[in-house]
Asker: 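Have a look at this one before I ask anything.
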Amino acid sequence: MKPLRTGAAVACAAALAGCAIASQALAPRKPETLVVVVPSRVDGHVGAVVVNTPGGQQVLDAAYASARVPQGRTPQVATLGPEEVERSFAAARRAAPPPPVTFTVHFVLGTNQLTAQSKETLKSVMAEMGRRAAADIHVIGHTDQLGPESYNDALSLRRAERVRDHMVAHGFARELITTLGRGEREPLVDSGLSNPENRRVEIIVR
Amino acid sequence: MRARVATLAILAFFAQAAAAADIGRIKTLEGAVTVVRGEARLPATAGMPLQQSDRIVTGRDGAAGITFNDNSMLSLGPETTLDISRFSFGASGQPDALDATLHAGTLSAVSGKIVTRSPEAMRIHTPTTILGVRGTEFLVKVTAPAR
C-alpha cells in the first residue's frame, strides 16, 4: 500500500492538475458510509436500499450487495462476503430485538365475547410475553368497511379496549398494553363491504 | 396580533404533544447507553419508551436495540450516535415516515409497516448519503473523520 501512495504523491508533484484522487487518499480521513443489504433473518427475503448521493442513485438489491460512499465521491459498489459483514457488524446485529409477533382475535358475531379460539390465542400471547425481555403489547382494533369512517375509528378503539380489559382480567400487566383503533384503514380483505374477517383485533407482542 | 400569539401557543402545544408521544421502545441493552432528550441525558433502560428527536449514544462497550411502533427495528453497535429525527405512523393527515440520522458507528436495520405501505418512507441519513429503504434488512456503518 505504502509504495503505491508514494508513487501517487510523486505523480502528483509531476502533474499538479491531475492529482485530485491522490490528494484525497493522503488527506485526513473524511466521513465514509458503508451500506450492505443482507437476507432477512426471519425468512431469507432480500430487500432493496436506494443509495442517494448528489451524483445520482444506486439501487442495492442483492444479498450482501454493498456500497462504500466517501464524501463527495461516487459510491463504490461491491458484493461482500458474509463473514466479513458479520465481523464488521457483529455487535449491532447481536443487539437486534426479537421480531414482533402478531396474533389476531375475533368476537362472536354481534357480541362483546371473544370466540373460544381467541381465548386460546390469548394463552399463546401470554407465553410469548414470557419468552421476551422488556416486552410490551400493542392491541389494535379494526372494523369492516361499512359505515362512516369516524364511527369505525371509535368502534375499533372500543374493540381494542375490550380485548385489553379481558387481557388485564387474565393477568396481563395493564401498563405494558397500548390500545389503538385503526378503523377501516387496514382491511385484511379489501372488499369495500361488510366482511367479518376485517372485524378483528390484532395483538402485537414486541 | 393577540389571536396570532394564541395560535402560535396552540401550535406549540400540539407540536410538543406530538413530539412527546412514544414512538417505540428500547428492547435490548448492553454496556453504557445514553438517550439525549432535549437538554437531558438519560441513562437508557430496557423497556424505555422513546420519543421523536431522541438521540441514542452508545459507549465503547455499548449496544442497544429499538423496536418502533410500526415494527421497524434499529440496533446500534458500540461508539454509535443515532438521531431519531422523525417518526410518524398511522397519524391522520400526516404521511408515514421514519427518518434516522447515523452520525457515527454501526447500525443494523429491519424495515416495518411504514416501508410495506410506502417504500422509501424510511430513510437513513449519514454524513455522505441518504438511504431510501425499500425493504427488509440492511446494515450501515459510518466512519467519522479522525479528530
Side-chain angles (χ1 to χ4, degrees), chain A residues 28-43 45-54 57-61 66-67 69-73 75 85 88-100 102 132-136 138 140 153 176 178 180 182 185-186 204 206, chain B residues 22 24-30 45-49 58 62-69 71 73-78 80 90 92 102-113 115 119-120 123-124 126-146:
Chain A
R29 211 160 52 146
K30 290 188 173 173
E32 185 178 275
T33 304
L34 171 68
V35 52
V36 192
V37 171
V38 293
S40 156
R41 259 165 303 175
V42 177
D43 58 10
H45 173 77
V46 176
V49 172
V50 184
V51 181
N52 297 287
T53 51
Q57 280 196 339
Q58 196 86 50
V59 180
L60 306 177
D61 57 3
S66 77
V69 195
Q71 195 158 48
R73 284 162 64 190
V85 171
S88 300
F89 292 95
R93 299 198 88 183
R94 221 176 26 244
T102 302
R132 289 165 180 252
D136 74 305
H138 277 210
I140 306 173
D153 280 355
L176 293 180
T178 305
L180 297 159
R182 290 250 190 266
R185 290 189 292 277
E186 286 178 33
I204 306 178
R206 299 170 200 278
Chain B
D22 294 350
R25 283 172 191 249
I26 293 184
K27 291 293 178 189
T28 67
L29 201 57
E30 212 182 296
T45 54
M48 182 177 185
T58 62
I66 303 162
T67 302
F68 290 89
N69 285 355
N71 290 354
M73 294 180 280
L74 295 178
S75 54
L76 295 69
T80 297
S92 54
L102 182 65
H103 296 281
T106 51
L107 187 71
S108 170
V110 180
S111 64
K113 290 186 191 171
V115 168
E120 294 183 58
R123 285 169 295 263
I124 307 292
T126 80
T128 69
T129 180
I130 298 170
L131 306 170
V133 182
R134 290 185 186 165
T136 338
E137 202 158 326
F138 60 100
L139 308 163
V140 191
K141 182 180 198 167
V142 170
T143 320

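Residue numbers begin at 1 in each chain, while the letters A, B, ... track the order of the sequences. On a predicted model such as this, the values are computed, not experimentally measured, just so you know. Values below: all heavy atoms of this structure, side chains included; hydrogens, waters and symmetry mates excluded.
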Asker: With respect to chain B, which residue among Val37(A), Val69(A), Thr53(A) yields the maximal number of heavy-atom pairs within a distance under 4.5 Å?
Answerer: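 Option with the top pair count is Val69(A).
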Asker: At a heavy-atom distance under 4.5 Å, which candidate from Ile130(B), Thr106(B), Thr136(B), Leu107(B) has the highest pair count against chain A?
Answerer: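 Sorted descending by pairs with chain A, the first entry is Ile130(B).
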Asker: May I ask you to test the Pro100(A)-Met73(B) pair for a side-chain heavy-atom distance under 4.5 Å?
Answerer: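 A side-chain contact exists here, since the closest heavy-atom pair is under 4.5 Å.
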Asker: Using heavy-atom distances under 4.5 Å, tell me whether Leu102(B) contacts chain A through its side chain, its backbone, both, or neither.
Answerer: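 Contact with chain A: none, neither part.
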Asker: Chain B heavy atoms under 4.5 Å from Ser66(A): which part of the residue, side chain, backbone, both or neither?
Answerer: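 Nothing of Ser66(A), per the 4.5 Å heavy-atom cut-off to chain B.
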Asker: Select one option (side chain, backbone, both, neither) describing which atoms of Pro99(A) are under 4.5 Å from chain B's heavy atoms.
Answerer: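 Pro99(A) touches chain B through backbone and side-chain heavy atoms alike.
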Asker: Does any part of the side chain of Val140(B), heavy atoms only, come nearer than 4.5 Å to the side chain of Thr33(A), both counted from C-beta?
Answerer: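 Touching, per the 4.5 Å side-chain cut-off.
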Asker: List in chain and number order the residues that pass side-chain hydrogen bond (donor to acceptor under 3.5 Å, both in side chains) with Glu120(B), two or more places apart in sequence or in another chain; answer none if no residue qualifies.
Answerer: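 Testing Glu120(B) for side-chain hydrogen bond (donor to acceptor under 3.5 Å, both in side chains), a comparison that skips the adjacent residues, returns Arg134(B).
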Asker: Give the minimum heavy-atom separation between Pro97(A) and Thr28(B), together with the two atoms involved.
Answerer: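 Pro97(A) and Thr28(B) have their closest heavy atoms at CA-CG2, 4.0 Å.
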Asker: How close do Lys27(B) and Arg206(A) get, heavy atom to heavy atom, and via which atoms?
Answerer: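 So the two residues come closest at NZ-O, 3.2 Å.
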Asker: Minimum heavy-atom separation for Ala92(A) and Ser75(B), please, with both atom names.
Answerer: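 The pair with the smallest heavy-atom distance is O-OG, 2.6 Å.
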Asker: Go through Ile66(B), Thr129(B), Val142(B) and name the one with the most non-hydrogen pairs under 4.5 angstrom from chain A.
Answerer: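 The residue among Ile66(B), Thr129(B), Val142(B) with the greatest pair count is Thr129(B).
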Asker: Between Leu29(B) and chain A, which part of the residue has a heavy atom less than 4.5 Å away: side chain, backbone, both or neither?
Answerer: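 No part of it gets close to chain A.
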Asker: Give, as side chain, backbone, both or neither, the part of Leu180(A) having an atom under 4.5 angstrom from any heavy atom of chain B.
Answerer: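 For Leu180(A), neither part sits under 4.5 Å from chain B.
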Asker: Gln58(A) versus chain B, heavy atoms under 4.5 Å apart: side chain, backbone, both or neither?
Answerer: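 Answer is neither: Gln58(A) stays 4.5 Å or more from chain B.
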Asker: Give, as side chain, backbone, both or neither, the part of Leu76(B) having an atom under 4.5 angstrom from any heavy atom of chain A.
Answerer: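 Leu76(B) touches chain A through backbone heavy atoms alone.
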Asker: Side chain, backbone, both or neither: which part of Ala64(B) has a heavy atom under 4.5 Å from chain A?
Answerer: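 Backbone of Ala64(B) only, per the 4.5 Å heavy-atom cut-off to chain A.
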Asker: Tell me, for Arg41(A) versus chain B, whether the close heavy atoms (under 4.5 Å) come from the side chain, the backbone, both or neither.
Answerer: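 The answer is both parts of Arg41(A).
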Asker: Can you say whether Leu139(B) sits under 4.5 Å from chain A via the side chain, the backbone, both, or neither, judging by heavy atoms?
Answerer: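 It is both, since atoms from each part get that close.
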Asker: What are the two closest heavy atoms between Gly47(B) and Ala134(A), and how far apart are they?
Answerer: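 Answer, listing the atom of Gly47(B) first, then Ala134(A): N-CB, 3.6 Å.
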Asker: When only pairs under 4.5 Å are counted, which of Arg123(B), Glu30(B), Arg25(B), Met48(B) shares the most heavy-atom pairs with chain A?
Answerer: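 Of Arg123(B), Glu30(B), Arg25(B), Met48(B), Arg25(B) has the most heavy-atom pairs under 4.5 Å with chain A.
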Asker: Please classify the contact between Ala135(A) and chain B as side chain, backbone, both or neither, with a heavy-atom cut-off of under 4.5 Å.
Answerer: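 When you check distances to chain B, only backbone atoms of Ala135(A) fall under 4.5 Å.
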Asker: Atom CG in Asn52(A), atom OG1 in Thr128(B): separation rounded to 0.5 Å?
Answerer: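 Answer rounded to 0.5 Å: 11.5 Å.
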